[in-house]
Colleague: 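Questions regarding the structure given below will be posed in turn.
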Amino acid sequence: MFIDGKKYDSSITSCTDQIRVLNPATGELVGTVCLATSEDVGFALDSCHAAFKQWSEKSFLQRSAVLSQISTRLKEKQIQEELAVLLTKEQGKPLKEARREIEGMTEVIDYFVGLASMTHTDFFTSKSNGSYSFTIKKPLGVCVSILPWNMPALVLAWKAVPALLTGNVCFVKPSGICPLTVLELAAIFHEAGLPAGVLNVVTGSGSAIGNQLAQSPYVKKISFTGSSDAGKKLYIAAAQNNKRVTLELGGSDAMIICDDADIQECAKQAVHARFFNCGQTCVSPKRIFVFESVFDDFVKAVLAAVSQLKVGNGLSEDTTTGPLSSFEEQKKMIEYVESVRKENAASVLMGGSVPSNSDPNGSFFEPAVLVQVPMTSRVMTEEVFGPIMVINSVKDMDEALKYSNETHFGLGASVWTNDLRQAKKAIEGFDVGIVWVNQHMKMLPELPFGGVKESGFGRENGYQMLNEYMETKTVVFKF
Ligand code: NAD
């Protein structure tokens, strides 16, 4: 835990259980963190609450100066590298991706710092009765950031940076699978000038901490990123106490490849997007629909690109695909491929089992390519959070859009074409929060990010976020 500017390796109140963080590539212990008690959660909330007054009374420019210092620290080569190595060890992703994630954090910070001078209140005059009116923006108070294990550093930035800039204080709950980088980041934030208590990190059981936060009068907003099931439970608990909630949940993104697209380029980009972070990305293209006339060419190009992937320990510079986050996830992926094989063995073109030469202590899995899978299959109806690519052929755009939207999820989707009419039809037809044309997964701090349907609600990033972390008070006066 990191509370009130100090690191705690065990509970503050009593010596209770600890969470062991294991390297998914080797099974080695990377570190242990405390399984917080309810007293620990209470202590962290009190500390946040106590820090709120002073932090919220600083000006936007004073707060943005602190954030700027944090960004500067994170850009130091040695700090960046130490964080990336730690992230790879506890999460498994290749070093190149871990470095990129830390870099991505600084881009988010720099973007929001740039917005600090643009914040303002609105002023109105009413001609009807000569009154003057204006709105005052106020920070909310304690804002909670609940993080997943797949991109813990970047998601921390998405949530905490706009919250801090607008004068809120943050209670951060990282995933038990991947808490160490977040704890290290909290320490760096404080060394760079964030006052004690302004950002506290508490490790432990998601449901127990979530329920306590949902009941705390100090907590004004909860921003959750994770699975749909956990998000809904938290939402129900938070609704009892009227908390603001943002849910960034799972996804089962579709990718539509039209017959006029550059097939070699599409295949290259599809393989990158699907197998990035070992397929454990919410906006990864999990279901690919290809026009019949280019289906064979696309599949051939995909198989060639996938055969170039190198599965291994993320610490090796030539690794492209690290392990899955746990043996539980590995088992899930094996079961998915087996279920498709049982339906039709010819659907499994490549991969789908544990690589024969991999370390048995690591949760490795061979990237799999499946084709012509029925829409009722589990790999089509559930969120497959691992390196399995599914490619089906479709007659035309109408059929492609019908299948794309045949899911509970609605996070992102992409269309690949140079035909403006096809692109327009897909942009309008996809029932999702983010549409890409001739790319997939591109995210920028200035672009609102989030989903519809089971993928959640609310957005992150973009200047609009600042309003999400502030209350508006309207004042009307006459004298
Ligand atoms: P998860 O739901 O298991 O856990 C996410 C976080 O929620 C963890 O910190 C966990 O401890 C906590 N948690 C669990 N139950 C809780 C409860 N009842 N109340 C409060 N907190 C609780 O998800 P995960 O396995 O860590 O992450 C993978 C999931 O996250 C995937 O579904 C993925 O698509 C999704 N994800 C979504 C986005 C997005 O922006 N839409 C981004 C990254 C990941």
Side-chain angles (χ1 to χ4, degrees), residues 19 21 24 33 35-36 41 90-93 101 104 108 144-159 171-183 201-216 219 222-241 243 245-253 276-286 324-326 328-329 332 382-386 407-413 432-434 441 443 447-461 465:
I19 302 172
V21 182
V33 296
L35 187 76
V41 175
E90 67 170 338
Q91 200 269 354
K93 66 180 65 189
E101 185 167 340
V108 173
V144 172
S145 308
I146 300 187
L147 312 178
W149 48 259
N150 65 333
M151 306 236 171
L154 188 62
V155 178
L156 170 70
W158 287 1
K159 296 181 189 305
F171 180 111
V172 179
K173 154 73 186 78
S175 160
I177 293 176
C178 205
L180 300 172
T181 311
V182 174
L183 285 166
V201 181
V202 178
T203 46
S205 150
S207 52
I209 297 178
N211 285 335
Q212 191 172 343
L213 293 172
Q215 283 166 27
S216 165
V219 171
I222 304 179
S223 177
F224 173 93
T225 296
S227 60
S228 296
D229 284 351
K232 273 190 224 169
K233 282 184 193 142
L234 176 70
Y235 184 38
I236 290 166
Q240 316 258 335
N241 297 294
K243 309 274 182 227
V245 176
T246 299
L247 297 179
E248 298 286 353
L249 308 176
S252 186
D253 287 15
F276 175 84
N277 202 12
C278 197
Q280 304 164 120
T281 308
C282 50
V283 281
S284 170
K286 291 163 189 154
L324 285 154
S325 65
S326 65
E328 204 184 328
E329 293 299 316
K332 235 190 253 174
E382 297 177 16
E383 180 190 29
V384 179
F385 214 56
T407 169
H408 299 304
F409 297 103
L411 190 53
V432 296
I434 313 148
M441 236 165 60
M443 291 181 254
L447 297 178
F449 177 86
V452 301
K453 295 165 38 182
E454 292 277 315
S455 294
F457 53 80
R459 295 290 179 267
E460 292 190 307
N461 289 334
M465 272 319 292

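Indexing begins at 1, ligand by ligand and atom by atom, following the structure's order.
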Colleague: Could you find the nearest protein heavy atom to atom 27 (O) of ligand 1 and give me its residue, atom name and distance?
Modeller: Pro148 CB, 3.5 Å

Colleague: Closest heavy-atom contact between Val452 and Arg459?
Modeller: CG1-NH2, 4.0 Å

Colleague: Right, does atom 9 (O) of ligand 1 have protein non-hydrogen atoms nearer than 4.0 Å?
Modeller: yes

Colleague: Quick one: look up the protein heavy atom nearest atom 18 (N) of ligand 1 and list residue, atom name and how far away it is.
Modeller: Ser207 CA, 3.5 Å

Colleague: Quick one: look up the protein heavy atom nearest atom 2 (O) of ligand 1 and list residue, atom name and how far away it is.
Modeller: Ser227 OG, 2.6 Å

Colleague: Tell me whether Thr246 contacts the main-chain N or O of Ser223 through its side chain, where contact means a donor paired with an acceptor under 3.5 Å.
Modeller: no

Colleague: Go through ligand 1 atom by atom and flag the ones less than 4.0 Å from a non-hydrogen atom of Gly210.
Modeller: 19 (N), 20 (C)

Colleague: Do Lys159 and Leu147 come within less than 4.5 Å of each other through their side chains, counting heavy atoms only?
Modeller: yes

Colleague: In Å, rounded to the nearest 0.5 Å, how long is the span from CG of Leu213 to CD1 of Ile146?
Modeller: 6.0 Å

Colleague: Please determine if Ser228 has a nitrogen or oxygen closer than 3.5 Å to a nitrogen or oxygen of ligand 1.
Modeller: no

Colleague: Which of the numbered atoms in ligand 1 are below 4.0 angstrom from a heavy atom of Pro174?
Modeller: 9 (O)

Colleague: May I ask you to check if ligand 1 and Leu147 share an N or O to N or O distance below 3.5 Å?
Modeller: yes

Colleague: Between Glu383 and Cys282, what is the shortest heavy-atom contact and its length?
Modeller: OE2-CA, 4.3 Å

Colleague: Taking atom NZ of Lys93 and atom CD of Glu101, what is their separation to the nearest 0.5 Å?
Modeller: 3.5 Å

Colleague: Mark up the atoms of ligand 1 that fall under 4.0 Å of a heavy atom belonging to Asn150, in ascending order.
Modeller: 43 (C), 44 (C)

Colleague: Kindly give the heavy-atom pair with the smallest separation between Leu154 and Gly104, and that separation in Å.
Modeller: CD1-C, 3.7 Å

Colleague: Looking at side-chain heavy atoms only, is the closest gap between Trp158 and Met443 below 4.5 Å?
Modeller: yes

Colleague: Any idea which part of Glu383 is under 4.0 Å from ligand 1, heavy-atom wise: side chain, backbone, both or neither?
Modeller: side chain

Colleague: In terms of residue, atom name and distance, what is the protein heavy atom nearest to atom 28 (C) of ligand 1?
Modeller: Phe385 CE2, 3.7 Å

Colleague: Measuring from atom CG of Asn211 to atom CG of Leu234, what distance do you get when rounded to the nearest 0.5 angstrom?
Modeller: 8.0 Å

Colleague: Measure Thr225 to ligand 1 on non-hydrogen atoms and call it side chain, backbone, both or neither using the 4.0 Å cut-off.
Modeller: both

Colleague: Rounded to the nearest 0.5 Å, how far apart are CZ of Phe385 and CG of Leu324?
Modeller: 10.5 Å

Colleague: Among all protein heavy atoms, pick out the one at the shortest distance from atom 15 (N) of ligand 1; state its residue, atom name and that distance to 0.1 Å.
Modeller: Ala230 CB, 3.5 Å

Colleague: State whether the shortest distance between N or O atoms of Lys173 and N or O atoms of ligand 1 falls below 3.5 angstrom.
Modeller: yes

Colleague: Just jot down the ligand 1 atoms closer than 4.0 angstrom to any heavy atom of Ile146, in number order.
Modeller: 6 (C), 7 (O), 9 (O), 12 (C), 20 (C), 21 (N)

Colleague: Determine whether the side chain, the backbone, both or neither of Leu249 has a heavy atom under 4.0 Å from any heavy atom of ligand 1.
Modeller: backbone

Colleague: Can you list the atoms of ligand 1 that are under 4.0 Å from a heavy atom of Leu234?
Modeller: 19 (N), 20 (C)

Colleague: Starting from atom 7 (O) of ligand 1, what is the nearest protein heavy atom, named by residue and atom, and what distance separates them?
Modeller: Phe224 CE1, 3.2 Å

Colleague: Which atom names give the shortest non-hydrogen contact between Thr407 and Lys453, and what distance separates them?
Modeller: O-NZ, 2.9 Å

Colleague: Just need the protein heavy atom nearest to atom 4 (O) of ligand 1, so name the residue and atom and give the distance.
Modeller: Gly226 CA, 4.5 Å

Colleague: Can you give me the closest heavy-atom contact between Ser455 and Gly250, atom names plus distance?
Modeller: OG-O, 2.7 Å

Colleague: What residue and atom, counting heavy atoms only, is the protein's closest point to atom 38 (C) of ligand 1, and at what distance?
Modeller: Cys282 SG, 3.1 Å

Colleague: Are any of the N/O atoms in Asn211 less than 3.5 Å from those in ligand 1?
Modeller: no

Colleague: Distance under 4.0 Å to a non-hydrogen atom of Trp149: what atoms of ligand 1 satisfy this?
Modeller: 24 (P), 25 (O), 26 (O), 27 (O)

Colleague: Would one find an N or O of Phe449, backbone or side chain, under 3.5 Å from an N or O of ligand 1?
Modeller: no

Colleague: When rounded to the nearest 0.5 angstrom, what is the spacing between CG in Leu156 and OG1 in Thr181?
Modeller: 10.5 Å

Colleague: May I ask which of Ala208, Gly206, Gly176 has a heavy atom nearer to atom 16 (C) of ligand 1 than the others do?
Modeller: Gly206

Colleague: To the nearest 0.5 Å, tell me how far Lys233 NZ sits from Ser227 OG.
Modeller: 8.0 Å

